[in-house]
Amino acid sequence: MKLIIHGGFFSESSQSEDVKNAKQNALERISRSSYDYLQNHTAEQTVVFAIEQLENDPLFNAGIGSQIQSDGKIRMSASLMNGKNKKFSGVINVQNIQNPIQLAATLMKEEDRVLGGEGANLYAEKIEIPVFSTETAERRKDYEEKLKSSRTSTVGCVVLDKDGSIAAGTSTGGKGFELPGRVSDSATVAGNYANDFCGVSCTGVGEDIVSGAVATKIVTRVTDGMKLSDAFKKTFHELAEFDGFAGAIALDKYGNFAVEQSHPKVVFASFDGTNFNVFN
Ligand code: ASP
């Protein structure tokens, strides 16, 4: 059993040492509690558990603390993929709920598994997810200063459970200051993908992640026999050809993990019950 989580990009130029430490501590705490949870739960359930905690922490750009778009509104996206049954579910540009990953998880049982905008909100209402404002004073200040924030800090998680199943999840408030209606990579197979061989969650500029088909490419390469590290190398090399801005975390079925970024630097933590790794 193993898990890896990320907290998006950490830009040292725009964030203090205190914030960096706080993010690392949060990732450590969440990876440990999620690992405990994994003892009696599946990979899919554990991904949802981990991402909910990341969404509840205002340090990260997902759920509470999501970035504000150019029209002053927050729209969030999240997705979940179960590598065993190959089901992918997600919400795109949902507003005013605390945990978009919960909505994605509930959609797993529906025939229509990816909902956008108004439809996602109507579905949340139907299943009685309470209305909740995820705006924080800090994000409003960023917005009011009209800063196109470089603090891209989407969250993601990949889990390998005791049955050897892999699941991946990703949740985001978007890249900040975007046009209303812009679609993030986070609820697409470019940003979040898993099968029996490998699971990947991405962060960075959604447009670049989609252009590079990052998560799908890595998973496909591993499925076709490439080593996880080589699949990362090749995919990030292709991304560099157009100066794509992306980061990714992954686990393969053997429990190997990988982290890579085209620009410094993704915050992440991985845990297997004994070994703990963080970015520093
Ligand atoms: N990938 C997200 C997006 O473009 C942003 C991020 O990862 O921070 O919506």
Side-chain angles (χ1 to χ4, degrees), residues 3-31 50-51 54 57-62 65-67 138-139 142 145 147-158 168-178 184-186 190-193 199-215 217-218 228-251 256-271 275-280:
L3 62 83
I4 183 163
I5 59 179
H6 76 73
F9 270 89
F10 177 83
S11 166
E12 279 161 292
S13 58
S14 68
Q15 294 194 351
S16 68
E17 219 25 52
D18 285 355
V19 176
K20 179 179 167 182
N21 291 337
K23 280 191 172 178
Q24 285 177 340
N25 292 340
L27 289 180
E28 173 161 4
R29 176 177 43 80
I30 293 168
S31 61
I51 290 193
L54 291 159
D57 192 326
L59 278 173
F60 302 105
N61 171 29
S66 287
Q67 300 194 105
E138 158 107 349
R139 294 298 187 195
D142 281 353
E145 287 167 2
L147 283 178
K148 192 169 180 176
S149 173
S150 60
R151 297 178 201 180
T152 52
S153 57
T154 292
V155 301
C157 177
V158 185
T170 306
S171 181
T172 189
K175 62 180 180 181
F177 223 73
E178 57 267 72
S184 160
D185 64 293
S186 297
N192 190 71
Y193 198 65
V200 179
S201 167
C202 296
T203 181
V205 176
E207 286 70 6
D208 294 350
I209 294 167
V210 168
S211 301
V214 178
K217 256 191 203 171
I218 293 171
L228 182 63
S229 52
D230 292 340
F232 260 66
K233 213 161 147 193
K234 189 163 171 56
T235 305
F236 275 84
H237 178 76
E238 289 168 357
L239 198 70
E241 285 168 4
F242 61 96
D243 195 25
F245 189 112
I249 59 168
L251 275 178
N256 296 312
F257 78 87
V259 183
E260 183 65 76
Q261 54 263 300
S262 60
H263 295 69
K265 208 156 192 181
V266 171
V267 278
F268 79 95
S270 74
F271 193 51
N275 299 308
F276 184 73
N277 292 290
V278 281
F279 151 69
N280 51 48

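On a predicted model such as this, the values are computed, not experimentally measured, just so you know. Below, all heavy atoms of this structure are taken into account, side chains as well, without hydrogens, waters or symmetry copies.
- Remark: Phe271 engages Tyr35, Phe276 in a ring-ring contact (aromatic ring centres under 6.0 Å, His included) (not counting sequence neighbours).
- One distance of note links CD of Gln24 with CZ of Arg29; it measures 13.5 Å at 0.5 Å rounding.
- Partners of Glu238 under the side chain to side chain donor-acceptor pair (under 3.5 Å) rule, at least two apart in sequence or in another chain, are Lys217, Arg221.
- With sequence neighbours excluded, the residues forming a side chain to side chain donor-acceptor pair (under 3.5 Å) with Ser171 are Glu55, listed by chain and number.
- With sequence neighbours left out, the side chain to side chain donor-acceptor pair (under 3.5 Å) criterion links Asn25 to no other residue.
- Gln67 places no side-chain N or O within donor-acceptor distance of the main-chain N or O of Gly173, the cut-off being under 3.5 Å.
- For the atom pair CZ of Phe245 and CZ of Phe9, the computed distance is 4.5 Å after rounding to the nearest 0.5 Å.
- Here CZ of Phe60 is found 11.0 Å from OG1 of Thr203. Values are rounded to the nearest 0.5 Å.
- Proximity of a side-chain donor or acceptor of Ser262 to a complementary backbone N or O of Ala246 within less than 3.5 Å is detected.
- Within the 4.5 Å cutoff, side-chain heavy atoms of Leu27 are placed close to those of Ile5.
- Taking CG of Leu59 as the start and CD of Glu138 as the end, the distance is 9.0 Å to the nearest 0.5 Å.
- Counting only heavy atoms from C-beta outward, the side chains of Cys202 and Thr170 never approach each other to under 4.5 Å.
- Listed for the Asn192 side chain is no donor-acceptor partner under 3.5 Å among the backbone atoms of Ala215.
- Between Lys175 and Asp208 no salt bridge is recorded (no basic side-chain N to carboxylate O distance below 4.0 Å).
- Using a 4.5 Å cut-off on side-chain heavy atoms (C-beta onward), Leu239 and Ile209 make no contact.
- Between the Thr235 side chain and the Phe232 main chain, no donor and acceptor come within less than 3.5 Å of each other.
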Should Ile218 and Leu228 be marked as a side-chain contact (heavy atoms from CB on, under 4.5 Å) after you check the CA-CA gap, both sets of side-chain angles, and the distance that decides it? CA-CA 8 Å; Ile218 293 171; Leu228 182 63; 4.2 Å; yes

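- Looking only at side-chain heavy atoms (C-beta outward), His6 and Thr154 come within less than 4.5 Å of each other.
- Side-chain N or O atoms of Asp185 include none that pairs as donor or acceptor with a backbone N or O of Val205 at under 3.5 Å.
- Distance check, rounded to the nearest 0.5 Å: OG of Ser270 to CD1 of Ile249 gives 9.0 Å.
- The side chain to side chain contact (heavy atoms under 4.5 Å, CB included) search around Ser184 returns Ser77, Thr172, Arg182, Ser186, not counting sequence neighbours.
- Rounded to the nearest 0.5 angstrom, Leu54 CG and Lys23 NZ are separated by 11.0 Å.
- Taking the side chain to side chain contact (heavy atoms under 4.5 Å, CB included) definition, one finds that Lys233 meets it with nothing, sequence neighbours left out.
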